[in-house]
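Atoms considered below: every heavy atom in the structure, side chains included; atoms not considered: hydrogens, waters and symmetry mates.
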Amino acid sequence: MMKEKIEKMSREISSLSDTLRVIEERMGADDVTFLQYGPNLFVTLQNYKSTVERAQCTLQDPERVSGVLINVAKHLDKLKVKVWKKMIAPVTLDPNTAHPDLILSEDLTSVRYVKDNPERFDKYACVLGSEGFNSGTHCWDVEVGENTGWTVGVMTESRQRKGDYRSMSGRWCVFYTGAAYGARAPPHDPTLLTVQQKLQRIRVQLDWDRGELTFSDPDNNTHLHTFTHTFTERVFPFFNTNSPLRILPVSPQ
C-alpha cells in the first residue's frame, strides 16, 4: 500500500514539475509582448489565461492511512516475542519473575541457572547501560530530579560487581550524597564539586579515543568535571541510585 502511494505521489510530483517548467517558459515569453498593443496583446492574454488555469493545483494532500505506521520502539520486542511464540514456543518466560540466579535468553524461551551471577550487582543498587563503548564519542543525559542520592558515570566491562567495589579502579563518576556533590575515580579520593543550585540533570560526554569523560549541567550549560584516562577496554554507562533516575534524549546545547 505504501509503495503504491509513493509511486502515485512521484507521478504527481513529476506532473507538477512539467507544469512549472511550461509556466516559466510562457512567463518569460510574455514579458516581452505583454505591454504591446495589437494582435500580440491578444495572443499574450490568451497565453496568460491558459497559464493561470494551468497553474491552479488540483492535487489533494496524500490520504492518511490509519494503522499503516506503528510505534516501532514500543512494539518491536513484543512483536518479536509474539511471532516467536506463535511459530514455535507455546510458552514464553516472564523476566520480571525470574530469580537473580536465573538467566533468560533474549527470545524468552530458555533459561539457565548460574549460581551467583557475576554480571549482577549484589551489594549496591546499581545498573549498567545495555550497550558498552570501546571507541568513538557518546553522550547521554540523566534526569536526577529531587533524588537524594545518586552516582552517574561509566564503568569498565571487567570490573568486579560483587560486594563492596567502591574502592576498586575502573569507574569514573560524579555523585550526590544528599549533602554534597563530588567526582571520583577510585582508588583516588573524591573531589568535591561546587554547584550554584541543585542539579536536575547530568550530561555525560564520553570521548573514548581521546580518553576524556566530561560531566556538565545542561540546564545551565555549566561544566562540572572532566576525567582524562587512556581507556583500554569497553566501558558501560553506570548508575547507582536510591530513587528514580531517567535517561533523556540529548537536547541541543
Side-chain angles (χ1 to χ4, degrees), residues 70-81 94-96 98 100 103-104 106 108 117 119-159 161 165-166 170-178 180-186 190 193 195-227 229 231 233-253:
I70 64 173
N71 186 329
V72 175
K74 178 179 179 182
H75 297 290
L76 181 58
D77 287 341
K78 293 181 180 179
L79 179 61
K80 181 171 66 175
V81 171
D94 182 1
N96 294 327
I103 299 178
L104 307 186
E106 184 178 350
L108 303 180
N117 185 353
E119 295 183 5
R120 292 186 184 271
F121 295 93
D122 64 351
K123 186 175 179 62
Y124 299 104
C126 304
V127 64
L128 298 180
S130 61
E131 180 182 0
F133 310 115
N134 60 1
S135 65
T137 58
H138 311 274
C139 181
W140 58 96
D141 284 356
V142 184
E143 183 181 68
V144 295
E146 299 303 317
N147 197 322
T148 57
W150 49 261
T151 302
V152 173
V154 301
M155 178 175 169
T156 57
E157 185 173 20
S158 63
R159 193 175 190 276
R161 304 173 191 177
Y165 58 81
R166 292 177 299 177
R171 182 170 59 99
W172 301 263
C173 58
V174 295
F175 62 86
Y176 178 59
T177 63
Y181 293 92
R184 191 182 185 193
L193 303 178
V195 300
Q196 299 300 320
Q197 60 186 35
K198 195 173 188 298
L199 299 176
Q200 298 295 313
R201 291 193 296 161
I202 302 295
R203 174 161 294 171
V204 186
Q205 293 176 291
L206 170 66
D207 189 330
W208 195 97
D209 300 311
R210 295 183 60 183
E212 291 184 353
L213 178 66
T214 300
F215 298 90
S216 60
D217 175 4
D219 293 323
N220 297 301
N221 196 26
T222 303
H223 174 263
L224 297 174
H225 192 79
T226 295
F227 292 103
H229 177 80
F231 298 108
E233 63 174 295
R234 188 183 305 273
V235 296
F236 287 80
F238 171 85
F239 311 91
N240 182 355
T241 180
N242 57 18
S243 297
L245 287 181
R246 189 158 65 103
I247 313 301
L248 303 173
V250 175
S251 58
Q253 298 189 29

Q: Rounded to the nearest 0.5 Å, how far apart are CG of Asn240 and OG1 of Thr151?
A: 4.5 Å
Q: Give a yes or no on whether the ring-centroid distance for Phe231 and Trp172 is below 6.0 angstrom.
A: yes
Q: Looking at every heavy atom in both Arg201 and Val144, which two are closest together, and how far apart are they?
A: N-CG2, 4.1 Å
Q: Taking the side chain as C-beta and beyond, is there a heavy-atom pair between Phe215 and Val204 under 4.5 Å?
A: yes
Q: Classify the ring geometry between Phe133 and His138 as parallel (under 30°), tilted (30 to 60°) or perpendicular (over 60°).
A: parallel
Q: Are the side chains of Leu224 and Leu199 in contact, using a 4.5 Å heavy-atom criterion?
A: yes
Q: Identify, with sequence neighbours excluded, every residue that meets side chain to side chain contact (heavy atoms under 4.5 Å, CB included) alongside Gln197.
A: Asn220
Q: Heavy atoms, side chains only, cut-off 4.5 Å: are Ser135 and Asp209 in contact?
A: yes
Q: Atom CG in Leu213, atom OG1 in Thr226: separation rounded to 0.5 Å?
A: 8.0 Å
Q: Could you give the distance from CD (Glu131) to CH2 (Trp140), rounded to the nearest 0.5 Å?
A: 10.0 Å
Q: How many angstroms lie between atom CE of Met155 and atom CZ of Phe239, to the nearest 0.5 angstrom?
A: 13.0 Å
Q: Identify the two heavy atoms, one from Glu233 and one from Glu157, that lie closest to each other, and give their separation to 0.1 Å.
A: OE1-N, 3.5 Å
Q: Does Asn147 reach the side chain of Thr241, with side-chain heavy atoms less than 4.5 Å apart?
A: yes
Q: Let's go through Val195 and Asp217 carefully: what are the C-alpha distance in whole Å and the side-chain angles of both, what is the deciding distance for side chain to side chain contact (heavy atoms under 4.5 Å, CB included) to 0.1 Å, and is it a yes or a no?
A: CA-CA 9 Å; Val195 300; Asp217 175 4; over 6 Å; no
Q: Given side chains that start at C-beta, do those of Ile247 and Val142 come closer than 4.5 Å, heavy atoms only?
A: yes
Q: Between Cys126 and Phe238, is the side chain to side chain contact (heavy atoms under 4.5 Å, CB included) condition met? List the steps.
A: CA-CA 7 Å; Cys126 304; Phe238 171 85; 3.8 Å; yes
Q: With a 4.5 Å limit on heavy-atom distance, are the side chains of Val174 and Tyr181 in contact?
A: no
Q: Would you mind telling me which of Val127, Thr156, Leu128, Val154 makes a side chain to side chain contact (heavy atoms under 4.5 Å, CB included) with Phe236?
A: Leu128
Q: How long is the span from the CD atom in Glu212 to the NE2 atom in His229, to the nearest 0.5 Å?
A: 13.0 Å
Q: Do Thr222 and Gln196 have side chains that get closer than 4.5 Å, going by heavy atoms?
A: no
Q: Looking only at heavy atoms, what is the nearest atom pair of Pro186 and Arg159, with distance?
A: CG-NH2, 4.5 Å
Q: Between Gln205 and Thr137, is any pair of side-chain heavy atoms under 4.5 Å apart?
A: no
Q: How long is the gap from CZ on Phe175 to CD1 on Ile202, to the nearest 0.5 Å?
A: 12.0 Å
Q: Which pair of non-hydrogen atoms, one from Ala185 and one from Phe227, has the smallest distance, and what is that distance?
A: CB-CE2, 3.6 Å
